[in-house]
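Let me begin by presenting the structure, written as structure tokens, before commenting on it.
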Amino acid sequence: MPEKESDFLERLKATFRVEAQEHLAQIYAGLTALEEPGDETLRAQWIETIFREAHSLKGAAASVGYPEIQNVCHQIESTFASLKRKESSLTPQILDQLHVSVDRIGTLLEAETGIPSASVSATESVSVDSVLPQNRPVEATAAPRVLSPTLRISAEKLDAVFLKAEEMLAAKLMAQHRKQELSALRIQVDAWNKTWSNLSGRYPGLQAEDHREPGWRELLQDHTAFMKQLLQDVARLDKAAELDLRALGRMTGDLLDDMKSALLMPFSVLLESFPKLVRDLARGQGKEIDFQMRGGELQVDRRILEEIKDALVHLLRNSVDHGIELPSLRTGKGKPKRGNISLVLSPLGGERVEICIQDDGGGVNVDQVKSAVSRLGLIDQALLEKMTDEQALDLLFLSGLTTSPVVTAVSGRGLGLAIVREKVEKLGGSLQVESRLDVGTRFRLQLPNTLANYRGILVNVGPHCFVLPTRHVQRSVRVPRTDVEFLEGMQTLRIDGDAVPIISLAVTLGLDTPAIDDDFVKAVVLGEGDKKIAFSVDAVLHEQEVLVKSLGKQLVRVPNIEAATILGSGKVVPILHVPDLLKSALHPMPVIQHKFQPAQSPPAAPKRVLVAEDSITARSVLQSLLEMGGYQVTTAVDGADAWEKLKGGHFDIVVTDVEMPHMDGIDLTERIRRDSRFAHIPVVLVTSLESQQDRQRGMTAGANAYIVKRSFEQSDLLGTIAQLVPLS
Amino acid sequence: MSEAFDESLTDLERNQRILEQRARALAQPLTHQDETPAVLYLMFRLAFETFGIESRFVREVVPLKALTPLPCVPAFVAGLMNVRGQVLSVIDLRQYLGLPEGGLSDLNKVIVLSHDEMEFGVLADAVLETDAARELQPPLAAPSGLRQEYFLGITRDGVLLLDGQKLLCDGRIVVNQGME
């Protein structure tokens with residue numbers, strides 16, 4: 001379609017004109033500054049600026065097919081390259097020459113693009129004019145002003161406007177809240193009206209017609225008329241509020257969308273520095289590398305660009321450092337001496353882009369990865385051996401892992417890839433690695449190009465309300481309590497065939513809230529793959545858009561809490577930090593008593609422990625140990641006795657021997673787990689047995705911990721119990 | 001004095017003279033006390049003690065409304081509050097300064113403290129007045145167990161003067177605890 005192609009070229013040229021003017025303006029400003037003797041570092045900065053601008057202009061000219069402009073830019077670039085290397089110095093002759101060159105670009109632009117000379121933009125032309133020596137040719141600098149369709153606006157100002165636009169969401173949420181209140185009021189008035197009608201049917205005295213006295217009749221007539229009017233008014237207000245809300249929603253939505261597109265920038269601004277980075281790194285390591293980039297014109301939200309920069313730099317460094325081999329090694333392998341790294345951006349559709357960083361280096365040695373992982377004891381050996389190469393490659397993203405035998409200044413500290421993935425995921429993206437030994441490695445990174453509106457799911461835990469970021473929530477579930485199974489000492493749920501551990505959100509956050517006795521378990525599933533965890537909550541309320549607010553200057557970073565938001569009602573609600581939650585699920589926070597309560601609660605009662613032990617000696621030892629630790633202890637002589645005592649009292653934890661007459665500790669544990677009244681009580685098995693089998697049996701039964709008597713010391717037992725039932 | 005009884009003067013003039021003389025006699029030279037402007041303190045009550053904090057650290061005083069408690073924070077962080085659309089963390093100074101617990105406290109004000117890059121609210125039972133601090137009593141006789149380094153001293157009338165600069169700037173009040 002030649003029609004479309006020419007259209008495209010026209011648009012491209014228009015873009016180029018704007019860009020060229022900006023570059024030229026910078027170059028002119030630089031040349032002007034360099035005419036005055038001045039501070040050396042400042043001069044060096046200008047030299048660098050002009051060099052870069054000329055280089056960018058050269059690239060832009062090449063891409064739209066203006067070889068002459070390209071040539072002139074190349075000359076300017078070379079001059080400045082040698083100035084940069086201090087191989088030549090800036091004489092007045094050179095400066096004159098440069099001015100002529102720059103003017104020539106202006107003329108060329110005029111000729112080639114058919115627009116009036118844009119050799120210099122108006123603002124700069126004034127300053128150039130006033131600074132330049134009088135013998136400058138006047139026509140070149142006094143170019144007519146061309147108003148650029150593009151404005152330069154400081155990022156700071158743009159951000160401020162964007163933040164204010166985002167704040168409009170608060171207005172929308174408030175309007176939503178008002179609308180809900182109005183609807184509730186309407187229902188109330190409606191209900192009262194119905195009640196009144198019913199009553200007046202039953203009690204004749206309530207109808208106007210029944211009264212002879214004009215006073216009563218009038219009063220009741222007025223009341224009827226008033227109720228009718230009130231109903232109409234409230235209904236009208238409710239409707240109007242709904243319309244207002246919709247209008248406001250549309251307006252804020254449009255505003256935010258427009259703001260978001262104003263924040264889009266081409267990827268190229270980020271990529272500019274990469275060739276030099278790769279070149280310098282390669283030189284430092286004696287490697288020879290060709291580096292290509294494609295797709296820099298793709299647009300992306302400036303904030304994403306800022307966030308992702310370090311991650312990309314890290315991946316590139318990785319490619320240079322771990323990927324590309326030394327030239328000698330490459331020749332030995334029969335590969336070309338020069339390595340190749342490419343960074344390619346491509347649109348994925350659905351407002352997403354893919355960044356692909358590929359090298360033709362040595363690839364990742366999967367066996368080395370596995371052995372590094374096993375050396376660090378990060379993953380069970382048996383599991384490691386079963387892993388496919390693909391799964392094993394994913395281990396590269398474990399924190400603490402490095403396969404590079406040497407920690408260099410560049411990489412190999414074993415933190416990088418974990419952080420890169422975390423960063424990418426934080427932006428709502430994903431990152432994979434593919435690699436073949438001696439062929440190369442490819443990192444594929446998918447990113448959204450705009451930041452989506454932040455949505456959150458509101459959940460209740462006791463009196464507390466929290467927001468979970470929707471993008472982290474796999475799903476929410478409501479299942480009968482009887483579906484909860486005990487596997488490997490953990491409560492688990494079957495979700496899509498997988499056993500997913502279920503952990504109380506309250507416990508994870510260290511909140512001391514009574515568990516609600518309900519036949520159903522409500523939970524939100526967080527995490528991915530085999531790292532999924534279901535967090536039980538008291539209620540999953542609804543999903544909504546939330547405006548993310550920082551926790552304030554005094555709370556820089558709080559475990560498990562990412563930020564806060566303000567609901568339409570004005571209530572502040574914490575937003576939970578999901579990666580933290582997944583980590584803390586395994587190590588719950590110690591319970592913190594919230595000292596601030598409008599009505600102060602009495603000091604917490606000591607925790608009650610039920611000890612089941614048939615040996616009288618062991619029983620009294622346990623009792624005195626626990627009492628010294630600040631617990632209130634009740635003893636039972638065997639499992640059956642313990643079961644009876646459990647039913648008759650309230651206990652926070654059960655400590656039981658395994659081998660006992662009548663009912664042993666395993667049976668007791670099983671019975672406790674099966675009964676919904678006691679299922680939440682932690683059980684610690686204490687025994688002289690040390691066999692793996694016994695331990696397994698205990699854990700399967702649902703015990704939370706297993707302590708061997710021979711090894712148990714005061715601290716061991718108390719420590720374990722304190723973890724399960726913190727003393728308040 | 002003789003002038004006052006000068007026969008040639010009218011009663012009115014005589015009275016005027018007398019008044020002028022009295023005024024002269026009573027007049028005092030300006031003292032130099034006021035040369036340095038008085039440092040003003042905002043006084044507030046908390047847990048049956050009266051505290052003072054230099055008013056330049058006080059951004060505003062707001063009534064204590066819904067306070068959202070936060071999990072996973074030190075006990076001295078009472079929670080989060082919405083102050084005109086801004087989320088503000090609120091500190092319980094009783095916890096932070098090691099004030100003896102005990103006794104119900106009638107918390108209903110939040111004093112928003114602000115300095116340089118730091119900002120937070122502190123709970124108070126009541127806000128009293130803003131006043132120049134009276135003479136400090138040397139040596140500091142503060143309730144025992146108090147983190148003394150946060151106090152400038154105690155005035156003769158028993159007001160504990162907080163070191164606002166230290167409270168806001170020494171960084172120990174900042175919670176910055178990531179997951180390892």
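In what follows, chains are A, B, ... by sequence order, proteins preceding strands, each numbered from 1.
- Contact of A/L551 with chain B is made through backbone and side chain together, with heavy-atom distances under 4.5 Å.
- Of all the heavy atoms in A/N560 and B/C72, the pair that sits closest is ND2-SG, 3.3 Å.
- Between B/Q86 and A/I566, the shortest heavy-atom distance links the atoms N-CD1, 4.4 Å.
- Shown here are the ring pair (Phe, Tyr, Trp, His ring centres under 6.0 Å) partners of B/F44, two or more places apart in sequence or in another chain: B/F51.
- Residue contact with chain A, scored on non-hydrogen atoms closer than 4.5 Å, is absent for B/L168.
- Between B/L88 and A/Q554, the closest side-chain pair of non-hydrogen atoms is not below 4.5 Å.
- Looking at A/L555, both its backbone and its side chain come within 4.5 Å of chain B, counting heavy atoms on both sides.
- Side-chain contact between A/I561 and B/L70 is present, with heavy atoms from C-beta onward closer than 4.5 Å.
- For A/K164, the NZ atom counts as loosely surrounded, since its 6.0 Å shell holds 12 or fewer non-hydrogen atoms of other residues, nucleotides or ligands.
- Without hydrogens or angle criteria, B/T68 side chain to A/V573 main chain gives no donor-acceptor distance under 3.5 Å.
- Listed here is the closest heavy atom pair of B/E117 and A/K553: O-CD, 3.0 Å.
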Please determine whether side-chain contact (heavy atoms from CB on, under 4.5 Å) holds for the pair A/V558 and B/Q177, giving the CA-CA distance in whole Å, both sets of side-chain angles, and the decisive distance to 0.1 Å. CA-CA 5 Å; A/V558 175; B/Q177 187 200 347; over 6 Å; no
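- Only the backbone of A/S550 comes within less than 4.5 Å of a heavy atom in chain B; its side chain stays farther off.
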Derivation and outcome, side-chain contact (heavy atoms from CB on, under 4.5 Å), residues B/N82 and A/K571: CA-CA 7 Å; B/N82 173 3; A/K571 184 182 156 89; over 6 Å; no
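- Counted within 6.0 Å of CG on A/L163, heavy atoms from surrounding residues, nucleotides or ligands total more than 12; the atom is thus considered enclosed.
- Of all non-hydrogen atoms in A/A564 and B/L80, the two that sit nearest each other are CB-CD1, 3.9 Å.
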